[in-house]
Structures are given as C-alpha cells and as structure tokens.
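The block underneath contains the structure these notes are about, expressed in structure tokens.
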Amino acid sequence: MMAYVAITGAAGFIGRHCVAQARRQNMHVIAFVRRLESAPPSWRADRNITLIALDLATQTDTLAKALIGVDALIHCAATLSGDQRRDTLQVSAHVIAASVSAEVPHLVLAGSLDVYDVRTLPDHGALTEACPLGTQGRTPYAKAKQAQEDMFEDAAKTHGVAVSILRLGAVWGPGCAFNAHVGPAFGTLLVMIDGGGVVPLCRVERAAAMLLRAVQYRAGIGKINVVDDDLPDRPRFIRALKAGGWPKRVVRTPLWLWRGIATLSPNSEKMPGLLRRAVLETRHRPLTYDNARMHKVLGAPKSVSFETAMAADLARQIDQTETP
C-alpha cells in the first residue's frame, strides 16, 4: 500500500473524505488547500498530515517541490460553477506539470459522469463505460471535465505517468443531499422532472473509498464509473429527502413536457440549462447506471440501501448543525 498520497482540493467535499479515508489506511497525506483556515483543526494536530496552502492556478514550482517523494496524487480540485478555465483547467495543467516534474508515478482524477453523451443511449438504456463521450451544447462544467480528462490522458501518453480516471455520479452526503438530476428548486418548492429511470448517486464515502483504492494500482486502472448500488427513482429520492424537512412542496412534471419546450427553445448557451435539450437529457434522460467494472476492478463492497444512507446522512447533518 502507498505510503504517501497527495490530495488536491483537500478541503472540499470529496477531498475531506479522501483525507479521512487515507488516514484510516495509515497513509501520510499531503493536503493541498487554498486557505489554511479552510482545513479542519484536527489536521494540524495530525503529524501524518502535511497541510499546504497554495493557489494551484499560479504556484507550479512550489507545488512541484511539495510533491517530491509522493507515491500517488488524487486530483479533486475543480469548480462546479466558478471560473472553469482558471479553477479547473489551469489548475489541472499546473498539477500535471508539477507531478511530472516531481516524478509522481500515478495520478488519480476525480472525474464525472457528465462527460458522457447520454443522447446516444435509448430511453431506459444502461450507461456503462462504453457510452460515447460528448459535451457539445452542455454546461461549462461538463465541457471542463471532458477537457480535464483529455489533459490527464495526454500526460499518460506523453510522459508515461499512470493515470486512473474515476467518473463519479452525483456526489452526495451530509449537507449535500440534493442534486440537479431531480429538478429545479425554488425556495421550499421542488419542481420534479420525471420520465422514469434512476438518479445516478454516488455517496461521498464511496467516492473517497474508490479514489483511495485506485491509488493502490500503480499501473493505473483506466476509466471506471462510480455510483451507488441502490439507485432510487426520483419519487423515492424525494420521499427520503423530505424526512429532513425539505422540500415542503413538490410539483411533479413529466419529462415529455420539458422535452417539448426544449425542442422549441433557441439552442443558445444564454438559455437556462433545462431549456437546452443537451443539458435536459444529461440530467433527466431515463437511464440505469452500471457499476460492474467498479466492483470487478476495485472490489467495492456492496453499499447499504438508499434509505438507510439518506437517513444516516440527514442525522449527521443535524448533529453537525446543532454541535456548538
């Protein structure tokens, strides 16, 4: 097992769980954060966590020096809705360059299912790793995640570094239970868009555990989809979510209605996402999601039922809120 693992975006939602998972496996962690105050206080007391505050978009030389002797790097740093060019692509380019300079042998990328072109699949089809990629007409996030993958693959071809890409589903957990695959929210109101299929969830603990398992494969494992085993349909998801007090009201709308509106709407990036067919289909096309390769290659244990996981995470969320 690896002794030293570096984690970018360590103070983020996925990154924090990666740090915790690595420490449970007695790994020494080099945790990169943008600001020291964003890291949990317990990290400073752990002699096996080296905490480094860096702006990864600008400080390449400092990053390369910090990576010397690292066995593998898990790249979680990215932005969901910010400046994709700077905070996803420029950061990734600097991380790759610094890793190559420091001779880090294995890079593990926290990728996304958003890179797939689900419009190539029929309604109620199964999304596997064989699904074609394509982000034309999609959100800046989806385009950046596909470009990010290309950068890591180019590094593998050009520099011989091992690369593993884990395409995560909609990552969820305490404080982050909702996702855009259900429908738009307006305060306490949720407009559910339902045409069948399931929600491609990936519990944050599973995401972190699989990223750490990938680290152990020094030659890399290629591309693997990472989702939960028990994926709920949208009504089932909302029933479990409402136990936490939100949403107060749910208006259920059929997917065919939104498809009609999106077909008639101008195909412009200035339009809201749900009025653009490519975005609508990515979030709401009725599909199932195959994680057989995740189990076969990474040996992922069977996850608990969705309701059990949601109830536990809602309880942890309440505990964290009430803790002084």
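Looking at Ile238 and Lys242, their side chains come closer than 4.5 Å, going by heavy atoms from C-beta outward. Between Arg23 and Asp46 there is a side-chain heavy-atom pair separated by less than 4.5 Å. Looking at Val171 and Cys176, their side chains never come closer than 4.5 Å, going by heavy atoms from C-beta outward. No side-chain heavy atom of Tyr116 sits under 4.5 Å from any side-chain heavy atom of Leu287. Contact of the Arg259 side chain with the His284 side chain is not registered, since no non-hydrogen atoms from C-beta on lie closer than 4.5 Å. Looking only at side-chain heavy atoms (C-beta outward), Arg277 and Thr263 come within less than 4.5 Å of each other. Counting heavy atoms from C-beta on, the side chains of His181 and Leu113 never come closer than 4.5 Å.
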Let me see the working for Arg86 and Thr79 under side chain to side chain contact (heavy atoms under 4.5 Å, CB included), right down to the final yes or no.
-> CA-CA 9 Å; Arg86 183 189 191 279; Thr79 181; over 6 Å; no
Intermediate values then yes/no, side-chain hydrogen bond (donor to acceptor under 3.5 Å, both in side chains), His106 and Ser164 | CA-CA 8 Å; His106 187 191; Ser164 300; 2.8 Å; yes
Determine, stepwise, if the pair Ile261 / Leu275 fulfils side chain to side chain contact (heavy atoms under 4.5 Å, CB included).
-> CA-CA 7 Å; Ile261 296 172; Leu275 300 186; 3.5 Å; yes
I would like to know whether Gln84 and Tyr141 meet side chain to side chain contact (heavy atoms under 4.5 Å, CB included); could you show each step before the answer?
-> CA-CA 7 Å; Gln84 295 294 342; Tyr141 172 78; 3.8 Å; yes
For the pair Arg167 and Leu127, evaluate side chain to side chain contact (heavy atoms under 4.5 Å, CB included) and give the outcome as yes or no after the intermediate values.
-> CA-CA 12 Å; Arg167 293 170 177 157; Leu127 189 149; over 6 Å; no
Anything under 3.5 Å between a donor and an acceptor, one on a side chain of residues 191-200, the other on a protein residue two or more places apart or in another chain? List them.
{"from": "Asp194", "atom 1": "OD1", "to": "Gly196", "atom 2": "N", "distance (Å)": "3.1"}
{"from": "Asp194", "atom 1": "OD2", "to": "Arg252", "atom 2": "NE", "distance (Å)": "3.4"}
{"from": "Asp194", "atom 1": "OD2", "to": "Arg252", "atom 2": "NH2", "distance (Å)": "2.6"}

Which pairs would a plain distance check flag for residues 244-251, meaning a side-chain donor or acceptor within less than 3.5 Å of a matching protein atom at least two apart in sequence or in another chain?
{"from": "Trp246", "atom 1": "NE1", "to": "Gly187", "atom 2": "O", "distance (Å)": "2.8"}
{"from": "Lys248", "atom 1": "NZ", "to": "Gly245", "atom 2": "O", "distance (Å)": "3.3"}

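With a 6.0 Å radius and a threshold of 12 heavy atoms from other residues, nucleotides or ligands, Arg85 has its CZ atom at or below the threshold. More than 12 heavy-atom neighbours from other residues, nucleotides or ligands sit within 6.0 angstrom of CD on Glu37. By the 6.0 Å contact criterion, CG on Asp83 is enclosed, its count of non-hydrogen atoms from other residues, nucleotides or ligands being greater than 12. For Asp61, the CG atom counts as loosely surrounded, since its 6.0 Å shell holds 12 or fewer non-hydrogen atoms of other residues, nucleotides or ligands.
For Arg44, there are no salt bridge (charged side-chain N to carboxylate O under 4.0 Å, His left out) partners two or more places apart in sequence or in a different chain. Evaluation of the salt bridge (charged side-chain N to carboxylate O under 4.0 Å, His left out) rule for Arg285 yields Asp123, Glu281 as partners, not counting sequence neighbours. Residues meeting the salt bridge (charged side-chain N to carboxylate O under 4.0 Å, His left out) test with Arg276, sequence neighbours left out: none. Partners of Glu129 by salt bridge (charged side-chain N to carboxylate O under 4.0 Å, His left out), not counting sequence neighbours: none found. A search for ring pair (Phe, Tyr, Trp, His ring centres under 6.0 Å) contacts involving Phe306 returns Trp172, Phe237, not counting sequence neighbours. Residues passing the ring pair (Phe, Tyr, Trp, His ring centres under 6.0 Å) test with His17, sequence neighbours excluded: Phe13.
Considering every non-hydrogen atom in both Val5 and Ala22, the closest pair reads CG1-CB, 4.0 Å. Listed here is the closest heavy atom pair of Leu190 and Gly183: CD1-O, 3.6 Å. Here the closest non-hydrogen pair linking Lys143 and Gly137 is CE-N, 4.2 Å. When every heavy atom of Gly169 is checked against every heavy atom of Cys202, the shortest pair comes out as N-CB, 3.7 Å. Nearest heavy-atom pair, Ala10 versus Ala31, reported as atom, atom and distance to 0.1 Å: CB-CB, 3.7 Å.
Here the straight-line distance linking atom CG of Asp55 with atom CZ of Arg35 works out to 10.5 Å at 0.5 Å rounding. Remark: Ile7 CD1 to Arg16 CZ distance equals 12.5 Å, nearest 0.5 Å. Note: Arg213 CZ to Gln216 CD = 7.5 Å, rounded to the nearest 0.5 Å. Interatomic distance, Cys76 SG to Leu211 CG, rounded to the nearest 0.5 Å: 5.5 Å. The distance from the CG atom of Asn179 to the CG atom of Leu241 is 9.5 Å, given to the nearest 0.5 Å. The distance from the NZ atom of Lys145 to the CG atom of Leu133 is 13.5 Å, given to the nearest 0.5 Å.
Criterion: ILVMFWY side-chain heavy atoms under 4.5 Å apart, direct or through other members. Under it, Val19 and Leu36 are part of a common hydrophobic cluster. Note on Tyr289 and Val115: same hydrophobic cluster, where clusters join Ile, Leu, Val, Met, Phe, Trp and Tyr whose side-chain heavy atoms are under 4.5 Å apart, directly or indirectly. In this structure, Met310 is a member of the same hydrophobic cluster as Leu231, with clusters built from ILVMFWY side-chain heavy atoms closer than 4.5 Å. Hydrophobic clustering (ILVMFWY, side-chain heavy atoms < 4.5 Å, transitive): Val204 and Ile224 are in one cluster. If you chain together hydrophobic residues whose side chains sit under 4.5 Å apart, Ile14 and Leu298 fall into the same group.
Members clustered with Val70: Ile30, Phe32, Ile52, Leu54, Leu56, Leu63, Leu67, Leu73, Leu89, Val91, Val95, Ile96, Val100, Val104, Leu107, Leu109, Met151, Phe152, Val161, Val163, Ile165, by chain and number, using a 4.5 Å side-chain heavy-atom cutoff among hydrophobic residues. In this structure, Val279 stands alone, with no Ile, Leu, Val, Met, Phe, Trp or Tyr side-chain heavy atom under 4.5 Å from its own, directly or through other members.
Judged by distance alone, the side chain of Arg203 and the main-chain N or O of Ala207 form no donor-acceptor pair under 3.5 Å. Side chain of Thr120 to main chain of Asp117: a donor-acceptor pair is present (N/O by atom type, distance under 3.5 Å, no hydrogens or angles). In this structure, the side chain of Arg138 engages the main chain of Asp114 through a donor-acceptor pair within 3.5 Å.
Among residue pairs with one or both ends in residues 90-102, those qualifying as side chain to side chain donor-acceptor pair (under 3.5 Å) are Thr60-His94, His75-Ser92, Ser92-Gln148; sequence neighbours excluded. Residue pairs satisfying the side chain to side chain donor-acceptor pair (under 3.5 Å) criterion with at least one member in residues 298-311, sequence neighbours excluded, are listed as follows: Asp229-Ser303, Arg236-Glu307, Ser305-Thr308.
When Ile74, Ile221, Asp71 are each tested for a side chain to side chain contact (heavy atoms under 4.5 Å, CB included) with Val215, only one passes: Ile74.
Ionic pairing of Glu205 and Arg24 is not present here: no N-O contact between side-chain nitrogen and carboxylate oxygen is shorter than 4.0 angstrom.
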